[in-house]
Amino acid sequence: MIISEMAQLTKISEYTLRYYEKKELITVSRDARGRRNYDENDIEWIRFIKRLKETGMPLREIKKYSDLRAEGDQTIPERLAMLEAHRLFVVAEQQKWAQNLCNLDAKIEYYETIPLTTDKIKF
């Protein structure tokens, strides 16, 4: 499939797909006319990259993971270790965001309990 179709399927812009290719996160085959030719494997790999980014993994780490992936199955233990380490980061972020949410809820509850006056409300 062509880049516009891939962008639509993955909900990633054509610009970003080209950027990923430039940064060597993805390798895309080309047809006889030089146009990018994505396949089903590319779809899943790009969706995985998107999920890693959504969890806060930096592009340099995704690049490292991508390089290991390209080397083959002998790198599975290292890739597994990367994902396990990143999982710890995600859990810590979840805990931080849960605490932030509690703080927001407490402030909202406080504001809901005080009468509205013309006096300034302290933040």
Inset, instruction - Find out whether R79 and D73 are in side-chain contact, i.e. whether some heavy atom of one side chain is under 4.5 Å from a heavy atom of the other. - result: yes
Inset, instruction - Quick one: sort the W45 and Y65 rings into parallel, tilted or perpendicular, breaks at 30° and 60°. - result: parallel
Inset, instruction - Let me see the working for R47 and L9 under side chain to side chain contact (heavy atoms under 4.5 Å, CB included), right down to the final yes or no. - result: CA-CA 9 Å; R47 286 179 176 160; L9 268 174; 4.2 Å; yes
Legend entry - Nearest-0.5 Å distance that lies between atom CG in N103 and atom CD in Q99: 4.5 Å
Legend entry - Worked check of side chain to side chain contact (heavy atoms under 4.5 Å, CB included) between K22 and R18: CA-CA 6 Å; K22 180 180 175 184; R18 288 186 196 98; over 6 Å; no
Legend entry - Candidate list L59, I12, L25, test side chain to side chain contact (heavy atoms under 4.5 Å, CB included), partner K53, passing option: L59
Legend entry - side chain to side chain contact (heavy atoms under 4.5 Å, CB included) between T75 and R69, worked out: CA-CA 7 Å; T75 66; R69 177 181 176 260; 5.8 Å; no
Inset, instruction - Indicate the atoms forming the closest heavy-atom contact of D67 with E24, along with that distance. - result: OD1-O, 4.4 Å
Inset, instruction - Kindly check if the number of other-residue, nucleotide or ligand heavy atoms within 6.0 Å of CD (E109) is above 12? - result: no
Legend entry - S13 side-chain N/O to T16 backbone N/O, donor-acceptor pair under 3.5 Å: yes
Legend entry - Transitive ILVMFWY side-chain link I43 to Y19, under 4.5 Å: yes
Inset, instruction - Measure the CD1-CG distance between I108 and L104 for me, rounded to the nearest 0.5 Å. - result: 6.0 Å
Legend entry - Gap between atom CD of E71 and atom OG of S66 - 0.5 Å precision: 10.0 Å
Legend entry - Check: E5 side chain, I2 main-chain N or O, donor-acceptor pair, under 3.5 Å: yes
Using atom types as modelled, flag every donor-acceptor pair under 3.5 Å from a side chain in residues 82-89 to any protein atom, sequence neighbours excluded.
unit_1, atom_1, unit_2, atom_2, d
H86, NE2, T55, O, 3.4
H86, NE2, T55, OG1, 2.6

Inset, instruction - State whether the side chain of N37 and the backbone N or O of M1 hold a donor-acceptor pair below 3.5 Å, judged by distance alone. - result: yes
Inset, instruction - Report yes if some heavy atom in the side chain of D42 is under 4.5 Å from a heavy atom in the side chain of I26; otherwise report no. - result: no
Inset, instruction - Look up atom CZ in R60 and atom CE in M57, then write down how far apart they are to the nearest 0.5 Å. - result: 10.5 Å
Legend entry - Euclidean distance, E44 CD relative to I49 CD1, rounded to 0.5 Å: 11.5 Å
Inset, instruction - Might you work through the salt bridge (charged side-chain N to carboxylate O under 4.0 Å, His left out) test for R51 and E54, ending with a clear yes or no? - result: CA-CA 5 Å; R51 287 191 301 271; E54 288 172 348; over 6 Å; no
Legend entry - CD1-CD distance between I3 and E14, expressed to the nearest 0.5 angstrom: 5.0 Å
Inset, instruction - Group every Ile, Leu, Val, Met, Phe, Trp and Tyr by side-chain heavy-atom contacts under 4.5 Å, then state whether L17 and F48 land in the same group. - result: yes
Legend entry - Trace of the side chain to side chain contact (heavy atoms under 4.5 Å, CB included) decision for M6 with I46: CA-CA 9 Å; M6 179 60 82; I46 290 167; 4.0 Å; yes
Legend entry - Test: R30 and E21 ion pair at under 4.0 Å: yes
